[in-house]
Amino acid sequence: MRILGIETSCDETAVAILDYQENSGFRIIAEEVSSQVRLHEAYGGVVPELASREHLRNLPLIVDKVLKETEQIVQELDLICVTQGPGLKGCLLIGVCFAKGLSASYGIPLLGVNHIEGHLLSPHIDCHDLDYPYLGFVVSGGHTEIILVEDVGKYRCIARTIDDAAGEAFDKAASLIDLPYPGGPSLAALADSTHNDVFELPKVMREAEGFSFSGLKTAISILVRRNAEALSKDPQLKAKLAAAVQDAIIDALCFKVKRAVKETGVSVVCVSGGVSANLALRKKMRSLKGVKSYFPAFRYCTDNGVMTAFTGLQRFLKGVAVNSDLEIHSRWPIEEMRL
Ligand code: KG4
Ligand code: ZN
């Protein structure tokens, strides 16, 4: 069967086509991601209205492109999977309305996909022998969650974001240090160029149940204010501050992972979401004793259509009914995806 995946929950317009055969599994036929980074750069963050307009302009073009490239005839698609939530309302609406239109016009079954579940299952895309159970560690721009994944649709949340997500912590710290947008990758690149032997940041999240980066954010803004003049004159000092921030965020993330492994007795941790592209996080996670960590390939860390198609397919194979009448869910906790 042929599956079309559509993802427009934030600032990436992404489309993919998968082929699935019962005896040989799935393979990726086509994938295309169009990032809106340049569009939002001037504003220092994603502007929801601009993001939806860009999806509206871009999505039909990208769908056309992957169909033409692969000579896929629309009528011969067997399933359309579209991100239904969580995400930005306007952005989700563009993807869902487009998918509904395609589904209705050509009579193709439609399935809504939870974006977090997409990230959670994304390590399976290029790691075909990954077994359940594992701890899914989603570290994206909007979510930081550790979820016990016993199977597709069998999830238990172990810890989740109380305030800012890990990606947001990277992005906000980058903006405090005055680094270019997108903050996460530019802070990481600067941090990786040096090591910190100057700044001290608090070890956060030792007590809290969930993930919280607000204390760290306050500490960073105090450091920036106190050292404003030196930071503006000395690029090396700025790099050291970036390294201190990266170390502090990664330390907090790994502390929670170790605790979750101890609590659940599950030692396999699959890291996904935009921040899983961070090299220092990968290195630290791989060094944790008693933890076996998996990361998706870099292009499946950030938002993509393959994970949407893959997740929809997994749910379809588990018997989840298709639904032509999808509504968007700007908030959609993973617990609601239980089968
Ligand atoms: O999963 P994603 O593409 O979108 C959401 O669903 O949120 O994640 C985007 C987030 C952004 O906050 C971005 O700054 C962060 O992932 N990010 C990184 C890196 N690459 C992307 N953060 C730290 N280091 C990176 N290398
Ligand atoms: Zn995402």
Side-chain angles (χ1 to χ4, degrees), residues 5-14 33-37 40-41 44-46 48 51 55 82-88 91-92 95 113-123 125 136-145 147 160-161 163-177 179-193 211 213 216-217 242-243 245-254 270-285 295-308 310-311 330-332 334:
I6 296 176
E7 152 64 42
T8 63
S9 67
C10 189
D11 60 342
E12 258 109 19
T13 318
V33 178
S34 167
S35 165
Q36 301 181 357
V37 164
H40 302 288
E41 199 171 16
V46 176
H55 286 309
V82 62
T83 305
Q84 195 184 351
L88 298 170
C91 297
L92 291 166
V113 170
N114 180 302
H115 184 73
I116 302 302
E117 190 177 19
H119 278 305
L120 204 55
L121 300 184
S122 63
I125 296 172
F137 187 25
V138 181
V139 274
S140 73
H143 299 268
T144 307
E145 301 189 7
I147 292 146
R160 66 159 43 108
T161 322
D163 41 49
D164 290 352
E168 249 174 313
F170 267 101
D171 294 338
K172 288 183 178 170
S175 130
L176 284 171
I177 310 177
L179 296 176
Y181 180 83
S186 48
L187 189 142
L190 189 60
D192 290 345
S193 70
F211 291 94
F213 286 102
L216 191 60
K217 201 170 60 186
V245 170
Q246 176 166 273
D247 290 349
I249 296 175
I250 290 174
D251 171 81
L253 294 175
C254 290
C270 297
V271 194
S272 58
V275 181
S276 66
N278 185 282
L279 295 176
L281 174 67
R282 288 177 176 232
K283 193 167 166 208
K284 178 89 189 259
M285 284 286 305
F295 290 84
F298 286 109
R299 65 181 182 284
Y300 303 127
C301 291
T302 43
D303 296 347
N304 63 86
V306 176
M307 71 181 193
T308 311
F310 177 80
T311 302
S330 54
R331 298 178 71 82
W332 202 10
I334 192 75

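Bear in mind that the values here come from a model prediction, so they are computed numbers and not experimental data. Every heavy atom of this structure was used, including side-chain atoms; hydrogens, water molecules and symmetry mates were not. All ligand and atom numbering here is 1-based and tracks the order in the structure.
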Taking only heavy atoms of Gly141 into account, list the atoms of ligand 1 that are under 4.0 Å away from them.
-> 5 (C), 7 (O), 8 (O), 9 (C), 10 (C), 12 (O)
Among the N, O or S atoms of Asp303, the one nearest the Zn ion (ligand 2) = OD1
Examine ligand 1 and decide if any of its atoms is less than 4.0 Å from a heavy atom belonging to Pro185.
-> yes
Side chains of Arg160 and Ile334: closer than 4.5 Å at any heavy-atom pair?
-> yes
Would you say His115 touches ligand 1, if touching means a heavy atom closer than 4.0 Å?
-> yes
Counting only heavy atoms, which portion of Asp303 has something under 4.0 Å from ligand 1: side chain, backbone, both, or neither?
-> both
Backbone or side-chain N/O/S of His115 under 2.8 Å of the Zn ion (ligand 2) | yes
For Ala188, atoms of ligand 1 separated by under 4.0 Å from a heavy atom | 24 (N)
Hey, does Phe137 have a side-chain heavy atom less than 4.5 Å from the side chain of Val275?
-> no
Tell me, do Arg299 and Val33 make a side-chain contact under 4.5 Å, heavy atoms counted?
-> no
Identify the closest protein heavy atom to atom 23 (C) of ligand 1: which residue and atom is it, and at what distance?
-> Asn278 ND2, 3.6 Å
Checking Leu187, Ile250, Val271 against Asn278 for side-chain contact (heavy atoms from CB on, under 4.5 Å), the one that qualifies is Ile250
Answer yes or no: is there a side-chain heavy-atom contact under 4.5 Å between Gln246 and Asp192?
-> yes
Among protein heavy atoms, which lies nearest atom 15 (C) of ligand 1, and at what distance?
-> Val275 CG2, 4.0 Å
N, O or S of His119 under 2.8 Å from the Zn ion (ligand 2) = yes
Proximal ligand 1 atoms for Asp171, defined as those under 4.0 Å from one of its heavy atoms | 11 (C), 12 (O), 13 (C), 14 (O)
For Pro86 against Ser9, the heavy-atom pair lying closest together = O-CB, 3.8 Å
Taking the side chain as every heavy atom from C-beta outward, state whether Asp164 and Leu216 have any atom pair closer than 4.5 Å.
-> no
Does any non-hydrogen side-chain atom of Ile125 lie less than 4.5 Å from one of Met307?
-> yes
For ligand 1, is Gly142 a contact, meaning one of its heavy atoms is under 4.0 Å away?
-> yes
How close does the nearest protein non-hydrogen atom get to atom 21 (C) of ligand 1, and which residue and atom is it?
-> Gly274 O, 3.4 Å
Where ligand 1 meets His119 - atom numbers and elements under 4.0 angstrom, heavy-atom basis | 1 (O), 6 (O)
d(Thr311 OG1, Asn114 CG) to nearest 0.5 Å is 8.5 Å
If you take all heavy atoms of Cys10 and Asp303, which pair is closest and at what distance?
-> CB-OD2, 4.2 Å
Below 4.5 Å, heavy atoms only, C-beta onward: do Leu279 and Phe298 meet side chain to side chain?
-> yes
Numbered in order shown, the ligand 1 atoms found under 4.0 Å of a heavy atom of Gly167 are 12 (O)
Ligand 1 atoms nearer than 4.0 angstrom to some heavy atom of Thr302 are 3 (O)
Would you say His143 touches ligand 1, if touching means a heavy atom closer than 4.0 Å?
-> no
